[in-house]
Structures are given as structure tokens and as C-alpha cells.
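The structure appears below as C-alpha cells.
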Amino acid sequence: MISIQSTHPIRGFVFGLHYPSLRTILSITDSDYEKNLVAANHILSLVGSNKIIAIKENESEPNYHIFTQIIDEIINLTNWPIFQKTILISVKQSSEYLFLIPCINDGFHSINCLVRAISNLLNIGINKKLFKKDCAELLAVINKMKNLNVNDSNTKNFIKAAVRLKIPFTPLANGLYQFGYCSESRRLNSSLTDKTPQISTAIAKNKFVSSNILKNSGFPTPRHFIVHDIASAIQAANSLQYPVVIKPQDLDRGEGVFANIKDTDELEVSYKKAKKFGNYILVEKHVTGKDYRLVVFENELIFAIERVPAHIIGDGVATIEELILIENRKRKNTPSLALLTLDDDVLLQLNKNNYTKNSIPSTGSVIQLRSIANINTGGTPKPVLNIVHEDNKALVIQAANCIGLDLAGVDLLIPDISKSWKKQENQGFICEINAQPTLGSLTSSHLYPYLLQKLLPNKGKIPIIGVVESPSSAQYVKKFKEAFQAANMKVSCITSEENSEEFLGFYLDPKINYSMYEKASIASRNNQIQSVICELTPTKLLKDGLAFSYINLLLIDEYQFPDDSKVNSFSLISPILPMVEKKIYYHHSNKPNRPLFSRLEAYCKSRGLDLESIQSDKKMEDVINTINVSTFIKNS
């Protein structure tokens, strides 16, 4: 029997997780793990997973592992930006499990429903009539979870890189994320940075304006007209001479773009389709050449790809429709590649080349499915950074500067990227500049950690000291504050008592009774603060968690803790220990011989942390001097 004893949302960080988490106590009694294993794999197949759970014969706690593997896999299926797995905290009497499920900030209710739905299904088993009904409820939970998902691939990849690099991150609002804390923090909205000028973003968004600015600044751009109806579109195309391109004035991702239009009939069809995406349409001279996306960041070309249009290769046997199905089966193993679709635009492209979906291409023949090469419409990326000519590098860097963008995706149409655009007469043109480029992941996943490290040279971290609550902790905080101020650093002190602006480092609404977690969370968003000292209450760590995902230095006063024969003192502070990155100080009386200190010694040795004891006969000033705050600040 599997039953949920309790669940509790932890908004902050504990036990080394980089996410909020749902604290769950699960009871498993008289449960047949082989039947649970069969039921679990049946559940996963019903929700669309290809994962097979396999438990080794010598696996400890097999029923628990079955349960958490289902949870982790379903979270993965929802595509939440979660890159850590459920962790087990403790087991009581071999039947009660306390574990933490990493969660996104507004997903606690969904995870709670997920946990209960899974336990119900495992209890019912696959041979019961109720299984189908309960599985329908599970599917409903999964759909709700998908609706909470972060839909921007850039954001997900930045979060994934941040977890790997141990860079703190915090969701703020509507796709806006803060990476790092306080004075070391930066903010990103997809690939827009907090240093990207709003006016430059607006210019890049308007293809007509950005192209004119580039043209008037001496850059090669295709001739174009902005049109409002089909008559003016035809007039523009005649003036430019076919072939032409039609696209919305202010959309990205290749939406509503139709290239290589060769006559009026095709123009009218394409215009009507483009019009669905916006009222203002651009008619542009079609440029012959390969489609390249070059990524510029702070006057440096950091990546370049050739975007190969969606295509299939004939085998002399299968029809075009069948070849698309075959290609999609391959692409399902590469989620970063968009699936090919046989929509009206593809049918139009086929028709232009005298094909239908039932045509059987000859062996080796390449059938282009779309007129544009965007990755979102089935194109494939081919890295070319190592062959980009220096003149072409200079061109796109200067173009990004011309628009005023720190991070930009510059689209260059040119026959050969390895040759200078200056020597390819009437064939090298800047097609577009994107202020919020999709960086991709198939060939450019390295850009996300690279950019985070560029934006956050110190990993977004400031010196943070944790002082475990004790009769002396308030004095410790004040003394630490004086030491930080002596080093000319703006410090924030978070305690349960004092709420003055001078002490906190920021203003608080006096009408609201803020918790310590809320005060620390507010501090983490303040870009004026350079260091933080937090008073920590052990009994609240598994209630709210920490507002910061790490602590450089932890000070423990043994007088806070009761006799170990009655209470496991180590368990009280265990939620915070995995967050400590540098050193733990232990303030004690005489020789530290308590079980707490012994367990701390073993823990620090296993984690490579420094542990230093401080005798109680020292004055407070001496304790602070022993810690040597100035050296600590320098090393942090």
C-alpha cells in the first residue's frame, strides 16, 4: 500500500537543490514491487513515455525508486525547465520516506496532484477497472503542467546551463529571469539582456526600419517596399522584378515569410498568407545565396551556422509523403529539430518544382520543402564559424553596433561565407537583424554557458554568511556587519528582529509582517547590495528553505542545540549543509566533543569543506577576527 502522509511546498532552497521543492512524506507498506514495476511501466507508456523503469535485484528501497522515477520522467515529459531529480532525505522504520521534488515556482499544486495520482494508480494496479479513470485524471494533471511550462527554448537552455555551472537563477515575471544575486546579478528575457537598449530592440523588430537604417549607414541590404494591399504588393514586385520575398514587417522565427516568389499568381497567394500574421507587409528583392545566421555578442562573433532549408532525399522507392514520415521518425530522436509537415506551404513549394506529395523522387535527389531555411520550419543547422571570412565577421559585428545591440542574430545571404562579401558582387546582403535570437541547441548548446559566464564573471555570486540562530547570533550578525562595512561593502543583514532600512539595506513596507525568508528574497533582488548576512532558524529550514541557493560561510553556536540524546541536532542543520561552499565555524565550550561536532567533521571531510572550531572563552571581536572577514571577502 502506498499512501501520501503529507506534502508541503518549500519556496526556498534546501539540500543543494537549485529549485523550490515539494516536501513529501510517503508511506509504503506491504507493497509488491514487481507488480508496482509492471504498473509503473504501463503508466509511462500510457502518458507517452519511451522510458522503461528497471530495478536491480539488489536495489535498496525499490518501491520508492519506482515511485520517484515516474515523477521525474513525467516532469521531463512536461518539458519544465527542471534539471535535477527528486532526492530522498530520510527513511523512517523502512516504510516512511521523506523526499523533495524539485518544482517551478507556480507548480506546487500540480506536483501535489501528480504525486497523489501516481500513488492511486500504483495502488489500483493495471488489472482494475478504476485504472483507466485514474489514468485519465493523471493525463489531465500532465496537461495542466504543460500549460505552466516555460515555452521559450533560450530560457530553458540558460537555466540548464545555470544549474550545471551552479549559477543562481530566479524567475521574476513573464519570462524574465534573474541570474545571480544582488550586485552581481543580471537579467535575461530569452536572449534579451538587461543591457540591450529598448530602442535598439524596437528598431530590430521593425524589418523596414532596421533595413533602412543599415542601408543608409552603408551596409548591403536587399531593396524593399512596405505595402498595405495586394495592388501595392504587385506594384512593388514589378518595380523590384521577380523573384521577390514577402514577409510581415515585425515578426521573427520565419513566420509568414515566403521567398523566391516568381510571378503575380504566387505573389497573391503568399500575400494573403503573410497578411494573417500582420497588417504591414514587406516586399523584398529575392537574393540568391546560402542562408547564414551569425551570432554577435559585445563586438565578437561567437557562432555562425548555415541554415539548410527543410528537405528530403529520394530513394527511388518512397513517395515524398512517405519520405517525410521516414525523416520525422529520425528527428524524434533529436528534439531540437522541428518535425517536417506537409502543409499548404510545402505543397506550394513542391508544385513550383513540378512535384506532388505522391511523387517518387529518384535516388539521391534533394527535394526542398520550403522556400526559407528557418530552423523552426524544419531547416537544419550546419556550423561554419571556423570558415567565416574576416570581412564577413567585421560586417555583421558593425551591423549589430549600427542597430545598437549587445547580443544579435545577423542573417546574411551570401553564396560562400568563406569569401569576402566585398568580392561577391550583388550577392552578399544582410537580410535581417534579430535582437532576441533563438540560439538553438543542436549545434550551439555551448553558447548558453558561454554567455552566462561572460555576463556573470563571478557566477553571479556575492559573499553570503549564514549564522545559525542562538542567544549570541544577533551579536554575531552585527559584528559581521561592521566588518563588511569596514571593507566598504553595502551589506544586508536578515534577522527575525530588526527591520530598519539601514540594517536590511533596503526599505520594507511597515504595514506588512515579512517572514525572514521574504526579507532575504527581497534582498536577493536588490542590485545595490554587495554582501548578505542571514540569521538561520534550524526549525524553519524545512518549512521555507533559504532564499539563497548557497552560503559561503556558516557559523554554528553549539549553545543553540539541545542534548543530542534527546534531539538529533545534526538533522536540524542538515538542510543547509549542502548549500555551504567554503567553510563552517563551530563555536563551542572547551573541547568540542559533542556528537554534533563529530558528525560535522565527518561531513566536511566527505565534502572537502573546511571546519574550524572556536572556543567560547574568546570575545566576540576575537571570533570575528579569527574568521578574518577581509580575507573571506577577497576570496569570495
Side-chain angles (χ1 to χ4, degrees), residues 152-158 175 188-193 195-198 200-211 213-214 219-222 245 247-257 259 282 284 287 289-309 336 338 372-377 379-385 388 392-414 417 421 428-448 450-452 454-455:
D152 178 72
S153 62
N154 281 331
T155 299
K156 291 176 186 175
N157 285 314
F158 276 124
L188 288 171
N189 184 345
S190 183
S191 57
L192 280 177
T193 81
K195 298 294 177 66
T196 307
Q198 184 178 7
S200 299
T201 304
I203 289 171
K205 189 77 172 176
N206 190 312
K207 295 179 173 64
F208 180 74
V209 172
S210 59
S211 184
I213 288 177
L214 289 171
F219 292 90
T221 61
V245 176
K247 55 187 174 183
Q249 178 187 338
D250 54 0
L251 284 183
D252 298 324
R253 300 168 61 88
E255 294 179 316
V257 178
L282 211 63
E284 184 177 85
V287 176
K290 294 179 179 178
D291 186 333
Y292 296 95
R293 162 62 62 87
L294 299 100
V295 182
V296 175
F297 179 66
E298 293 182 346
N299 295 309
E300 178 188 1
L301 178 65
I302 61 174
F303 200 60
I305 58 169
E306 177 189 347
R307 299 188 292 194
V308 181
S336 54
I372 60 173
N374 290 66
I375 307 303
N376 297 310
T377 59
T380 53
K382 177 183 175 183
V384 294
L385 179 62
V388 179
N392 300 334
K393 288 182 183 180
L395 175 70
V396 296
I397 291 171
Q398 291 168 15
N401 283 333
C402 176
I403 301 299
L405 297 170
D406 57 338
L407 176 63
V410 184
D411 294 346
L412 186 63
L413 297 175
I414 190 170
I417 197 73
W421 69 274
F429 294 89
I430 294 174
C431 176
E432 291 181 13
I433 289 191
N434 292 276
Q436 197 175 22
T438 299
L439 302 176
S441 57
L442 182 62
T443 58
S444 53
S445 58
H446 65 285
L447 290 182
Y448 296 98
Y450 174 82
L451 287 169
L452 284 182
K454 281 279 192 177
L455 291 166

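Computation of the quantities below employed the complete heavy-atom set of this structure, encompassing side-chain atoms and omitting hydrogens, waters and symmetry-equivalent molecules. The model shown is predicted, which means the values in this text are computed figures rather than measured ones.
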**Study point:** Results of side-chain hydrogen bond (donor to acceptor under 3.5 Å, both in side chains) for Glu306 - residues two or more places apart only
**Key:** none
**Study point:** Shortest non-hydrogen contact between Gln436 and Ser191, atoms and distance
**Key:** C-OG, 3.1 Å
**Study point:** Min side-chain heavy-atom separation Thr443-Lys382 under 4.5 Å
**Key:** no
Check your understanding: Under 3.5 Å, side chain of Ser444 to main-chain N/O of Leu439, donor-acceptor pair present?
Key -> yes
**Study point:** 4.5 Å side-chain heavy-atom contact, Thr380 and Leu442
**Key:** no
Study note, to complete from the structure: In terms of heavy-atom contacts, Asn189 and Gly175 come closest through OD1-O, 3.6 Å
Review point. So, Tyr450 side chain and Ser445 main chain: donor-acceptor pair closer than 3.5 Å or not?
Key: no
Exercise for review: Kindly say whether Pro437 contributes a backbone atom to a donor-acceptor pair with the side chain of Asn154 at under 3.5 angstrom?
Suggested key: yes
Point to revise | Phe219 backbone acceptor or donor facing Gln398 side chain under 3.5 Å | key: no
**Study point:** side-chain contact (heavy atoms from CB on, under 4.5 Å) against Ala259, all qualifying residues, sequence neighbours excluded
**Key:** Val245, His286, Ser371, Ile372
Check your understanding: Are the side chains of Lys454 and Ile302 in touch, meaning some heavy atoms are under 4.5 Å apart?
Key -> no
Review point. Would Val295 and Val396 satisfy side-chain contact (heavy atoms from CB on, under 4.5 Å), going step by step from the backbone distance to the final call?
Key: CA-CA 9 Å; Val295 182; Val396 296; over 6 Å; no
Check your understanding: Does Ile417 offer a backbone N or O that forms a donor-acceptor pair with the side chain of Asn392 under 3.5 Å?
Key -> yes
Review point. What's the spacing between Leu451 CG and Thr193 OG1 if we round to 0.5 Å?
Key: 9.5 Å
Revision key, fill the gap. To the nearest 0.5 Å, atom NZ of Lys290 lies from atom CG of Leu413 at 13.0 Å
Review point. When rounded to the nearest 0.5 angstrom, what distance separates CG in Leu447 from CZ in Phe158?
Key: 8.5 Å
Practice item. Could you tell me whether the side chain of Leu294 reaches within less than 4.5 Å of the side chain of Leu395, counting heavy atoms only? Key: no
Point to revise | Test item: Asn374 side-chain N/O and Asn376 main-chain N/O as donor-acceptor pair under 3.5 Å | key: no
Check your understanding: Do the non-hydrogen side-chain atoms of Pro381 and Arg293 ever get within less than 4.5 Å of each other?
Key -> no
Check your understanding: Is there a side-chain contact between Asp152 and Thr438 (heavy atoms, below 4.5 Å)?
Key -> no
Check your understanding: Between the main-chain N or O of Pro197 and the side-chain N or O of Thr201, is there a donor-acceptor pair closer than 3.5 Å?
Key -> yes
Exercise for review: Kindly compute the distance separating CG (Leu282) from OG (Ser211), expressed to the nearest 0.5 Å.
Suggested key: 7.0 Å
Check your understanding: With the threshold set at 4.0 Å, does a side-chain nitrogen-carboxylate oxygen contact exist between Lys195 and Glu298?
Key -> no
Point to revise | Distance-minimising heavy-atom pair for Gly440 and Asn157 | key: O-ND2, 4.2 Å
Point to revise | Listed partners of Leu405 passing side-chain contact (heavy atoms from CB on, under 4.5 Å), at least two apart | key: Thr196, Ser200, Ala204, Ile403, Ala408, Ile433, Ala435
Review point. Within a strict 4.5 Å, meaning less than it, do heavy atoms of the Leu214 and Phe429 side chains meet?
Key: no
**Study point:** Evaluation steps, side-chain contact (heavy atoms from CB on, under 4.5 Å), between Leu188 and Thr155
**Key:** CA-CA 8 Å; Leu188 288 171; Thr155 299; over 6 Å; no
Check your understanding: Does any non-hydrogen side-chain atom of Ile397 lie less than 4.5 Å from one of Glu300?
Key -> no
